Amino acid sequence: MGGSESRQRLPLATGRGIVTVLAVLPLVLAGFVVGYGVGSGDGRFGEPIREAWEGGQGTVDHRPLAASFTATGVEGRAPDAPSVLPVGYSDDLGIAVAHLQFAVDETTVRPSHTAELRLPIAVPPDSEGMTVEVASVHPVSCLCSLTAATAPPYGTVWDAVEVNSSTTEIVFDVTGAINAPGRYGFAITSPDRKAYLELEGAEYNTGPALRTVSEPDTPTGPLPPTAPAPTGPATSAPPVLPSDAPSQSPSASPSGLPSETPSGSPAPTDGTVPTAPMDPAGSPAPTTDPTGVPGMPAADPTEPLPESGQSEDQLSVCSTGDKLVPTCGALVGVAPAAHTSRVKEDELLAFEERVQHTQQIYHAYERGDDRVFPTPAQIALTEDPANPRTLFINWKPQMANWAEIAAGDPETDAYLDRLAEHITANFDRPFFFTVHHEPENDVVQREGSGMEASDYAAMFRYVVERLRAHGVDNLVSVMNYMGYLKWVEKPWHDQLYPGDDVVDWIGLSGYGQSLHDDGRSDFGEIVDQTKGDTAWPGFYHWVAKEHPAKPMMLAEWGVFHEEDYPDHQAAVFQAARYQMAHYPRLKAIVYFETPADSNGGRNSEIHLDDGALEAFRDLMRSPYFDVRLE
């Protein structure tokens, strides 16, 4: 179990795939039947936000329409109203994810507002620190359809906090998620595979709340007349703040996660302070009829206005948006028949037939010679309307070292200009692109070598900026790190990053059994591997802390077949299907298929035995990968 056996435990009994809820109260679900659509993807985007969303009160705590959880270790539907909401991993539940749904409308929220998801903790983690994240999900019409296997894929990750045994409340900033009247779903997750906590449920109208703080609408008419200024002596002095009032806003913690208030809640990082009056218990004074539930639809509602933004309709179908980032879910891809002389485009089609799923990303490797890309064969793969695909071009320049390229090497410049001309004339679809993937292995950290870590960052920037300056505006850049943990301990590792303005995605190459052939590696180790007692938090944690605005990609991943561990491939593929629940930032996975890798000739092909092939097919059937490539 994730915590001590002596503490208060989750009031659930699990067995034979059945969840028995011992403490259940009815949960008001009126919002499901008063006109807020389920989000069928019919494009109901109503009036402009400011016209459709007017009025609204000041500070409102919206109580959830639904508050429940899914667990990978338990079959069956989500419970209706559990007294606690588990998050993280425990032996009896597996991976638990809390799901919350709220309704907001023009009577409670104005267009200009902030929003916080406030989650009191019932049982804190007993680990030193636990990372917890919040992501948007499509709200389900009925909890009867919510299971671990059918849970909606994750959308945008809005915030992450680190909690410990003294934390009493989690506060997430979800301002960006609430931008129109409608119904909103959130998933509360943790990437920590050995940590667990329990949030308070929605009993007695307490527990989770979506707190919105609206700013007054900007007046559009003439200002009302003001009273004349007094002419006599002043009768009172301006109010004086207490001597211990804060003089500056709280700051983020050095880790990049929000710092905590003395109560254990993350401190605001935007400099705002509560403006609503507080009652003696410390809660905002009611802004509506105290007999009602703030944020819940009225008992006899008028016809609500259609949604006009990021509410449920935008997450009803997962599709790619700007920079090929899926609105929800994750893309899949493959680098087929690597380290062979086979025709890669033919091998891609064979791989797709084998796994019974279109691979939306075709990963191709190019070198800086006379050949420009994409090639006609590569472009043809992206023009199949029945199987939408994009390209991931991995270019490794050969003309000069990193420092010389960054300084404007003439031969490289000539090639880049010819490449830009080719791309702009022949290929206008967005595509993934990286320069000299996995650079760690080629770093020569010696002054004047031209191959220092900072030289790589400068070279990457130079290439991307030159291509963009010459009209290649469909390039989606990927910084592709190596998965070997010996490199993250190098003092120069942070110097490799080229900068947020020239990096759109952060990629990782990771392999099962690449470091220790013990037959026990799982998908979580590939995504977020740590090493002993070192300070490295794992790649997923590192991205969440250092680059929270960047989507994450497994730019290469694979599982090697080992005679001594014949079931290992199947086990990792099976684990990946449910361990995706840990990683809402992971927006693409690209398999590296080879009969003989460059490190000992290991084989990562998935069809060497029927069990591994069927497990990979099951992975491809996951709803996480049901994404429409636009």
Side-chain angles (χ1 to χ4, degrees), residues 1-3 8-29 31-33 38-39 64-101 119 122-123 135 137-154 183 185-190 193 195-203 207-208 312 315-316 328-329 523-524 571 573-584 614-615 617-619 621-626:
M1 193 66 170
Q8 179 184 355
R9 295 306 315 132
L10 177 71
L12 298 174
T14 63
R16 296 184 181 180
I18 299 174
V19 179
T20 304
V21 182
L22 303 182
V24 176
L25 289 177
L27 189 66
V28 179
L29 297 175
F32 292 153
V33 294
V38 177
L65 299 174
S68 191
F69 68 92
T70 60
T72 60
V74 179
E75 297 178 3
R77 51 158 283 181
D80 284 330
S83 58
V84 294
L85 304 173
V87 175
Y89 178 82
S90 63
D91 291 337
D92 51 355
L93 291 176
I95 303 167
V97 177
H99 288 266
L100 301 168
Q101 298 182 33
L119 308 173
V123 179
V137 292
H138 179 247
V140 298
S141 58
C142 176
L143 290 178
C144 57
S145 66
L146 185 62
T147 69
T150 63
Y154 302 125
R183 197 151 48 87
F186 295 100
I188 316 303
T189 67
S190 175
R193 291 177 292 137
Y196 174 87
L197 61 77
E198 293 170 7
L199 305 171
E200 290 184 8
E203 291 183 298
E312 61 257 38
L315 294 173
S316 60
C328 51
F523 186 73
F573 298 153
Q574 291 166 354
R577 183 178 174 89
Y578 66 82
Q579 287 182 333
M580 286 294 293
H582 275 305
Y583 308 118
E614 188 55 38
R617 288 173 176 171
D618 283 343
L619 174 62
R621 297 185 192 111
S622 167
Y624 283 103
F625 307 120
D626 187 11

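Keep in mind it's a predicted model, so treat the numbers as computed, not measured. Heads up: numbering here begins at 1 and tracks the sequence.
The heavy-atom pair separating A148 from A71 by the smallest distance is CB-O, 3.5 Å. Nearest heavy atoms, E200 versus G207: OE1-CA, 3.9 Å. Closest approach of Q101 to P139, counting heavy atoms only: OE1-CB, 3.4 Å. Nearest approach of P623 to A149, heavy atoms of both residues: CG-O, 3.5 Å. Smallest separation of non-hydrogen atoms from H99 and P152: CE1-CD, 4.3 Å. Of all heavy-atom pairs between L100 and A67, the closest is CD2-CB, 3.5 Å.
The shortest distance between side-chain heavy atoms of T189 and Y154 falls below 4.5 Å. No side-chain heavy atom of F69 sits under 4.5 Å from any side-chain heavy atom of V97.
Of the candidates L85, D80, V84, P82 forms a side-chain contact (heavy atoms from CB on, under 4.5 Å) with just one, namely L85. Here the rule is side-chain contact (heavy atoms from CB on, under 4.5 Å) with R77, and of L143, T150, L146 only L143 fits it.
Judged by distance alone, with hydrogens and angles left aside, the side-chain atoms of R577 form a donor-acceptor pair with the main-chain N or O of D618 at under 3.5 Å. Judged by distance alone, with hydrogens and angles left aside, the side-chain atoms of Y624 form no donor-acceptor pair with the main-chain N or O of C328 at under 3.5 Å. With hydrogens and angles ignored, the 3.5 Å screen pairs a side-chain donor or acceptor of Q579 with a backbone N or O of G524. At least one donor-acceptor pair under 3.5 Å links the side chain of T72 to the backbone N or O of I95.
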For this session: Go through the steps to decide whether M580 and F625 satisfy the test side-chain contact (heavy atoms from CB on, under 4.5 Å), and finish with yes or no.
Result: CA-CA 10 Å; M580 286 294 293; F625 307 120; 4.0 Å; yes
Exercise. Are V123 and L199 close enough, and set up right, to give a side-chain contact (heavy atoms from CB on, under 4.5 Å), and what steps lead you there?
Worked result: CA-CA 7 Å; V123 179; L199 305 171; over 6 Å; no
For this session: Decide yes or no on side-chain contact (heavy atoms from CB on, under 4.5 Å) for L93 and V74, but give the supporting numbers first.
Result: CA-CA 6 Å; L93 291 176; V74 179; 3.8 Å; yes
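Atom OG in S83 sits 8.0 Å away from atom CD in E198 (nearest 0.5 Å). Atoms CZ and CZ, from R193 and F523 in turn, are 10.5 Å apart once rounded to the nearest 0.5 Å.
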